[in-house]
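Structure, as C-alpha cells:
Only a predicted model underlies this, so the values are computations on that prediction, with no experimental measurement involved.
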Amino acid sequence: MSATTYVWKGKSAKGETLSGEYQAEDRRDVGEYLRKRRIVITSIKKKPKEIQLGFLQKKGVGVKDLSVFTRQFATMVNAGLPLVQCLDVLGRQLDKPHFKSVVQKVTADVEGGSTLAEALEKHPAVFSDLFVNMIAAGEAGGILDIILARLAMFLEKADALQRKVKGAMTYPTIVLTVAGGACIFMLMFVIPVFAKMFSDFGGTLPAPTRIVMNLSNFLRDYWWALGGGATVGTIAFKRFRATEKGRFITDKIALRIPVLGNVLRKSGVARFTRTLGTLIGSGVPILQGLEITSRTAGNKVIQKAIEETSKSISQGDTISAPLKESGVFPPMVVQMIGIGEQTGALDEMLSKIADFYDDEVDAAVDALTAAIEPLMIVVMGTMVGGMLVAMYLPMFKMSSIVGG
C-alpha cells in the first residue's frame, strides 16, 4: 500500500488547537503517530489531491536543496543569530516557491511560540521524521548548532550516495534506449525498402534476412498491440510494486542481480548505518532511531531486517544478533556493530561503517560501469549489426549471380 497524505486536527495536553499533515499507509498509523505525541485527535482526513498543470505544479524539495539549507542554518545558528532571524533570512533567499512557503510557515510558527521541532513536524513532505527528531534532541540538549551541522553532513553524504547509484544506472539506460530506438527505426522504415528490392529480385532469401523481414512486418502490422501491451505491463508492474508484497519481492530480486545487487546492498548498508549512527549520536533513543531508520531504508528487504531488529531489542536482545540472522548485512558489519555495543560507542562504530561503505559503493559503481560498458557494446553490436548483416547477405548473393 502506498503512502497517503492525511490532514489532522487535534488538541495538546494544554488545550491548544493543533493541525498538520502526515504521510502514512492508513488512518490508524496517523492515530498512533498522534497518540505517541499526546495529541487528542479531533479529525483525520485524506488531503484532497491538487490539480496542477505545467509551470503551476509544485516541485518537491530535493536532498541537495535541503542539505544546503541545513548547512547555512547551522552556520547562522553557530554564529549566534536568533532562530527567527535565521529562518527569516533563509526563507527570503530560497528560489523554490514551495520550499520558500514552507520555511516562511515554520518561521511564523516559531515566532508564535512553537519549538523548531514542532514547527518542522507540520511539514512531513519536506522535513522527515529523522530531521524532526534530531532537531528535537538538539533543542532539548541545547546543542542545536551541533545537531544542524551533523544533519547537514548526513544530508550531503546521502545526496552523494544517491547520485552515485543514479549515475551507475544512467549509462546503461541511455545506451539501451538509443539501441532500441535505432532498431525500431530500422525495422519500421529501412528494412521495408530492402524487402521490396529483394522481392523484385526473387529467389530464396537467407534465413537471417527472412527473420529480420518477418520482425519488420510484425512490428509494422502490430505496433499498436506491442505498444498497448507495454503500457499495460508497465501499469501492472507499478501497481504490483505499490503493494507491500510486490515491493518486497521486487526489492529482493534487485538485491540478487549480479553486480547491480552489490551496489544496492552496499548503498543500503551505508544508508542504514549513517542514519542510525547520526540519530543515536544526537541523543535519539535507539528504538525510536531504528523505527525512523527502517522507514528511510529505501529497500523493503533491509527495512524488514531493521524492523525485526527493533522487535528483538524491545525484548532485551542485542542489535547484532538479529542483524546476523537476517542474512542481509555482511558479517563484517554485524561484528563491528557488536563491538560498538560492547564498548558503548555504537554511534562512532556506525559512522565508521558508513564511511567505509561509502568508499565501497564507489568501488561497486566503478565495477558496475566496467562490467556494463563491454556488455552494452556487445548488445548494440548484436542488435544493429545483426540487422545490417542480414540485409547485406542477399546483396552478396545477387553480386555473385550477376558476376557469374
Side-chain angles (χ1 to χ4, degrees), residues 53-55 57 162-243 246-247 249-251 253-264 365-401:
L53 300 172
F55 63 89
Q57 188 172 1
Q162 195 177 68
R163 281 189 282 108
K164 286 172 195 170
V165 176
K166 282 185 178 178
M169 299 307 300
T170 301
Y171 176 76
T173 303
I174 291 172
V175 171
L176 283 174
T177 302
V178 171
C183 288
I184 291 171
F185 178 80
M186 290 179 69
L187 287 168
M188 290 286 286
F189 303 105
V190 178
I191 302 302
V193 176
F194 282 90
K196 187 177 184 305
M197 183 177 65
F198 296 152
S199 62
D200 293 340
F201 170 67
T204 305
L205 295 172
T209 308
R210 293 199 304 272
I211 291 170
V212 171
M213 288 174 64
N214 288 334
L215 280 173
S216 176
N217 291 333
F218 181 80
L219 184 62
R220 284 165 62 84
D221 292 340
Y222 299 103
W223 62 267
W224 53 271
L226 292 170
T231 303
V232 170
T234 302
I235 293 170
F237 176 77
K238 284 184 176 180
R239 287 189 176 179
F240 176 67
R241 186 165 165 75
T243 63
R247 181 76 184 273
I249 291 171
T250 52
D251 282 349
I253 292 170
L255 288 175
R256 292 180 177 178
I257 297 173
V259 189
L260 175 61
N262 196 32
V263 174
L264 296 175
V365 168
D366 290 340
L368 178 63
T369 306
I372 281 175
E373 284 180 359
L375 182 63
M376 291 297 100
I377 291 170
V378 171
V379 169
M380 281 193 71
T382 303
M383 289 170 66
V384 180
M387 282 193 286
L388 290 173
V389 169
M391 290 300 100
Y392 274 104
L393 283 174
M395 293 185 182
F396 295 139
K397 186 177 180 181
M398 288 169 62
S399 61
S400 64
I401 293 171

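The local environment of CZ in Phe240 is crowded, with over 12 non-hydrogen atoms from other residues, nucleotides or ligands closer than 6.0 Å.
Between Ile257 atom CD1 and Leu264 atom CG the span is 7.0 Å, to the nearest 0.5 Å. With rounding to the nearest 0.5 Å, the separation of OG1 in Thr250 from CG in Leu255 is 10.0 Å. Residue Leu226 holds its CG atom at 10.5 Å from CG of Asp221, rounded to the nearest 0.5 Å. From Met387, atom CE reaches atom OG1 of Thr382 across 11.0 Å, with rounding to the nearest 0.5 Å.
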Could you walk me through whether Asp251 and Arg241 pass the side chain to side chain contact (heavy atoms under 4.5 Å, CB included) check? CA-CA 9 Å; Asp251 282 349; Arg241 186 165 165 75; 3.0 Å; yes
Check residues 206-213 and write down every donor-acceptor pair under 3.5 Å in which the side-chain atom is one partner and the other belongs to a residue at least two apart or another chain.
from, atom 1, to, atom 2, distance (Å)
Thr209, OG1, Ala390, O, 2.4
Arg210, NH1, Leu205, O, 2.3

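For residues 212-231, every residue pair satisfying the ring-ring contact (aromatic ring centres under 6.0 Å, His included) rule, not counting sequence neighbours, is listed here: Phe218-Tyr222.
Nearest approach of Leu187 to Leu219, heavy atoms of both residues: CB-CD2, 3.7 Å.
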